[in-house]
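In what follows, a structure is listed as structure tokens, so that the remarks can point back to it.
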Protein chains: 2
Amino acid sequence: MARKADPERSAARREAITQAAAKLFAERGFENTSAAEIAKAAGLSSGSVFYYFTDKRALFRSVFERDLPMSRELVQRCTAGEDPVASILAMVDELAVEAMDPIAPGILVEVLRQAGKDPDLMRVIAENTAILHEGFATLVERGIRTGAIDPALDPRETAEWIQVVIDGAFLSADPDRDPRPMLRRLITRFLSRPCDPAGKPA
Amino acid sequence: MARKADPERSAARREAITQAAAKLFAERGFENTSAAEIAKAAGLSSGSVFYYFTDKRALFRSVFERDLPMSRELVQRCTAGEDPVASILAMVDELAVEAMDPIAPGILVEVLRQAGKDPDLMRVIAENTAILHEGFATLVERGIRTGAIDPALDPRETAEWIQVVIDGAFLSADPDRDPRPMLRRLITRFLSRPCDPAGKPA
DNA sequence: GTCTATAGGGGGATAGAC
DNA sequence: GTCTATCCCCCTATAGAC
């Protein structure tokens with residue numbers, strides 16, 4: 001029985017607003033989604049939205065602040081593996097699964113657009129990118145040392161390009177189509193030494 | 001000396017508005033760019049903008065309608081070559097050069113967002129994508145027949161993935177960095193038969 | 001054709017009751 | 001904490017003079 005200042009109920013409310021906002025922002029865009037619409041979708045009034053969030057941009061940021069712990073966990077888990085190339089592919093696979101979320105393309109596009117206008121959001125996004133970048137770069141470097149990855153590659157630049165390909169996959173994601181097989185082919189061959197058969201040639 | 005209804009002056013005006021709009025839309029987004037700002041940048045009044053374009057969306061579309069003839073020409077020129085893989089790389093190279101335009105990431109993001117809201121714009125974009133898609137698919141098929149490309153690949157799906165990679169490169173384009181070398185590596189290896197050295201192993 | 005002025009509508013954020 | 005009501009700014013698109 002909620003007494004006062006129930007922090008659980010409060011957190012649940014915030015989360016409900018964030019989720020409703022994510023869906024609407026992805027479908028209709030930031031500027032074309034009014035606080036009133038978000039409030040309605042979350043089952044409360046527009047006044048309450050501004051009780052939980054100082055303004056609309058803060059609400060938008062909350063969508064991505066949720067991702068930071070997930071990215072950290074993903075990198076930590078994947079950099080623990082033995083085989084660097086397999087670990088990279090595991091990371092890519094997991095990120096690709098997120099791309100199959102129906103709202104993924106919309107929300108990616110929207111965040112890129114808004115990041116240029118909101119320095120706070122920019123920081124959140126940059127941190128998320130940096131976390132993944134570090135993970136990929138570490139694994140690429142490790143792969144070069146073990147000889148599984150082409151030593152002609154620069155680890156940081158290679159990490160960036162892996163992210164470029166993933167971003168591309170997010171952009172044109174189709175919930176009905178699993179991007180992972182082709183992503184694996186792209187990345188495996190991108191990383192491999194000039195004439196080696198990739199990883200396991202089957 | 002311009003007499004009346006000078007069609008040249010008129011076209012130049014339209015073009016000036018379109019160019020100013022492209023820059024501002026890319027930098028600040030569609031909704032955050034007012035007709036007055038575009039007018040000012042193009043050196044006329046907001047009323048005149050609506051003399052040349054029925055509404056703001058039509059103005060946005062005009063930015064991309066310019067691209068259609070360019071894409072057609074590009075495909076025609078590149079499908080005329082002898083070596084299919086080299087032709088694909090030539091197409092990718094040319095598209096990548098466009099990605100080095102400072103406004104490229106912004107305008108790509110913006111068009112993806114707006115295409116979902118404006119069926120007319122959607123048609124323009126779909127046609128441009130289709131033109132490039134046909135070009136790539138034709139070349140992939142040709143490459144499979146000549147034995148230069150892995151026959152395990154489906155031409156249309158492969159064409160889509162080439163475009164995915166290009167879109168990714170556009171998204172994170174940096175005017176100071178030439179994406180072409182890495183794009184070439186990605187695509188060459190993506191296409192090649194399982195154990196062949198890519199194209200020219202040097 | 002190009003301008004100025006404005007009608008007309010929408011929505012972010014707040015005030016204040018409950 | 002949650003609501004309703006509303007202030008106030010901005011912007012698209014048009015009207016009408018020149």
What is the ring orientation for Phe25(B) with Phe30(B), classed by angle as parallel under 30°, tilted 30 to 60°, or perpendicular over 60°?
-> tilted

Can you tell me the distance, in whole Å, between the OH atom of Tyr51(B) and the P atom of dG1(C)?
-> 4 Å

Under a 4.0 Å N-O cut-off, is there an ion pair linking Arg123(A) with Glu127(A)?
-> no

Proximity to DNA chain D (any heavy atom under 4.0 Å), residues of residues 110-117 of chain A only = none

Would you kindly say whether Ser192(A) and Arg189(B) are connected by a side-chain donor-acceptor distance under 3.5 Å?
-> yes

Without swapping roles, check the side chain of Ser10(A) against the backbone of Asp6(A) for a donor-acceptor pair under 3.5 Å.
-> no

So, with a heavy-atom separation below 4.0 Å from DNA chain D, the residues of residues 17-24 of chain B are none

Hey, which of Lys56(B), Arg113(B), Lys117(B) is the one that makes salt bridge (Lys or Arg N to Asp or Glu O under 4.0 Å) with Glu31(B)?
-> Lys117(B)

How long is the line joining CD1 of Ile38(B) and C1' of dC11(D), in whole Å?
-> 12 Å

Output yes when Asp55(B) and Arg61(B) qualify as a salt bridge under the 4.0 Å nitrogen-oxygen rule, no when they do not.
-> no

Determine whether the side chains of Ser62(A) and Thr18(A) contain a donor N or O and an acceptor N or O closer than 3.5 Å.
-> yes

Rounded to whole angstrom units, what separation is found between the CZ atom of Phe53(B) and the P atom of dA13(D)?
-> 13 Å

With the side chain counted from C-beta on, respond yes when Met182(B) and Phe190(A) share a heavy-atom pair under 4.5 Å apart, and no when they do not.
-> yes

Are the side chain of Ser172(A) and the backbone of Gly168(A) linked by a donor-acceptor contact shorter than 3.5 Å?
-> yes

Can a side chain N or O of Tyr52(A) be found less than 4.0 Å away from OP1 or OP2 on dG1(D)?
-> no

Could you tell me whether Glu160(B) and Arg156(B) make a salt bridge, using a distance below 4.0 angstrom between a side-chain N and a carboxylate O?
-> no

Going 5' to 3' through nucleotides 3-15 of chain C, assign each nucleotide B (protein heavy atom under 4.0 Å from a base atom), S (under 4.0 Å only from sugar-phosphate atoms) or - (no protein heavy atom that close).
-> BB------SSBB-

